[in-house]
**Student:** 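Pasting a structure here, questions to come.
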Amino acid sequence: MQTHQAGPSLSSQKPRVFKCDTCEKAFAKPSQLERHSRIHTGERPFPCTLCEKAFNQKSALQVHVKKHTGERPYRCEHCAMGFTQKSNMKLHVKRAHSYAGTLQEAVGQQEPVGEELSHTLHLEEVVQETGGEWQALANVF
DNA sequence: CAGCAGGGGGCGT
DNA sequence: CGCCCCCTGCTGT
């Protein structure tokens with residue numbers, strides 16, 4: 001009976017035997033349940049070595065550290081803008097270039113490409129150093 | 001931009 | 001199996 005009860009996402013009918021007793025979510029793997037349980041306990045086993053923040057998931061920490069290192073692995077192929085997270089980049093592409101997802105051109109073909117643009121404007125280092133106005137600009141793109 | 005929550009897969013035991 | 005890691009979508013400031 002337990003193997004067919006609803007899981008957290010509702011999509012995916014995998015058996016979920018491991019149930020959280022704080023909330024009613026269930027998971028396919030014990031380690032997933034254990035990971036989930038610490039969002040109730042507030043436990044944060046992954047501290048950042050550069051600042052004093054901590055995370056409940058290692059991947060969250062890894063992404064966070066990129067903020068300190070300035071690493072920006074995900075690059076927009078249309079305007080060469082860099083991002084720390086892929087989903088943020090995807091969102092940017094959709095909004096700035098109205099480009100849903102399946103590669104190849106979309107709407108605005110008038111794009112001579114902004115290759116050297118990032119160099120002349122020093123885009124890599126200007127990001128949100130103190131002022132919050134850049135944040136507002138992000139919504140335009 | 002930054003962080004959270006969950007799914008799935010690979011690898012060692 | 002069990003654990004660890006990476007990826008992805010969504011939410012928050």
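Numbers restart at 1 for each chain; the letters A, B, ... are given by sequence-line order, proteins then strands.
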**Student:** Classify the nucleic acid contact of A/Lys58 as base, sugar-phosphate or nothing, counting any heavy atom under 4.0 Å across all strands shown.
**Tutor:** base
**Student:** Calculate the interatomic distance between A/Phe83 atom CZ and B/dC1 atom C1'; express it in whole Å.
**Tutor:** 10 Å
**Student:** Side chain of A/Asn88 only, please: which of B/dA5, B/dA2, B/dG3 is the nearest?
**Tutor:** B/dA2
**Student:** Would a 4.5 Å heavy-atom cut-off, applied to side chains only, mark A/Cys20 and A/His40 as touching?
**Tutor:** yes
**Student:** Could you check which of C/dT8, B/dG6, C/dC10 has an atom nearest any side-chain atom of A/Ser87?
**Tutor:** C/dC10
**Student:** Looking at NE2 of A/His64 and NZ of A/Lys53, how far apart are the two atoms once the value is rounded to the nearest 0.5 Å?
**Tutor:** 6.5 Å
**Student:** Measure from CG on A/Leu91 to P on C/dT8 and round the result to the nearest Å.
**Tutor:** 15 Å
**Student:** What's the closest nucleotide to the A/Asn56 side chain, out of C/dG2, B/dG7, B/dA5?
**Tutor:** B/dA5
**Student:** Provide, to the nearest angstrom, the distance between the CZ atom belonging to A/Phe46 and the P atom belonging to B/dG3.
**Tutor:** 15 Å
**Student:** Whole-Å distance between B/dA5 P and A/Lys25 NZ?
**Tutor:** 8 Å
**Student:** Could you check whether A/Lys66 gets within reach of a base, just the sugar-phosphate, or nothing at all, counting any heavy atom under 4.0 Å?
**Tutor:** nothing
**Student:** If you check every side-chain atom of A/Pro30, which of B/dA2, B/dG6, C/dG2 has the closest atom?
**Tutor:** C/dG2
**Student:** Of the candidate nucleotides C/dC5, B/dA5, C/dG9, which contains the atom at the shortest distance from the side chain of A/Arg35?
**Tutor:** C/dC5
**Student:** What's the CD-P distance between A/Glu34 and C/dC1, to the nearest Å?
**Tutor:** 18 Å
**Student:** Is A/Phe46 reachable from A/Val63 through a run of I, L, V, M, F, W or Y residues, each pair having side-chain heavy atoms under 4.5 Å apart?
**Tutor:** no
**Student:** Without decimals, in angstroms, what is the distance between A/Phe27 CZ and B/dG9 C1'?
**Tutor:** 18 Å
**Student:** For the side chain of A/Phe55, starting at C-beta, report the closest nucleotide among B/dC4, C/dC3, B/dG7.
**Tutor:** B/dC4
**Student:** Side chain of A/Arg44, heavy atoms from C-beta onward: which of B/dA2, C/dC6, B/dC4 has the nearest atom to it?
**Tutor:** B/dC4
**Student:** Looking at CD of A/Gln85 and OH of A/Tyr74, how far apart are the two atoms once the value is rounded to the nearest 0.5 Å?
**Tutor:** 8.5 Å
**Student:** Report the distance from atom NE2 of A/His97 to atom CE of A/Met81, rounding to the nearest 0.5 Å.
**Tutor:** 8.0 Å
**Student:** Side chain of A/Gln62, heavy atoms from C-beta onward: which of B/dG3, B/dG10, C/dC6 has the nearest atom to it?
**Tutor:** C/dC6
**Student:** Nearest of B/dG8, B/dC4, B/dG6 to any side-chain atom of A/Lys29?
**Tutor:** B/dG8
**Student:** Go through the N and O atoms of the side chain of A/Gln85 and the base of C/dG9, and report whether any donor-acceptor pair is under 3.5 Å.
**Tutor:** no
**Student:** Using a 4.0 Å heavy-atom cut-off, does A/Arg38 contact any base of the nucleic acid, only the sugar-phosphate backbone, or nothing at all?
**Tutor:** nothing
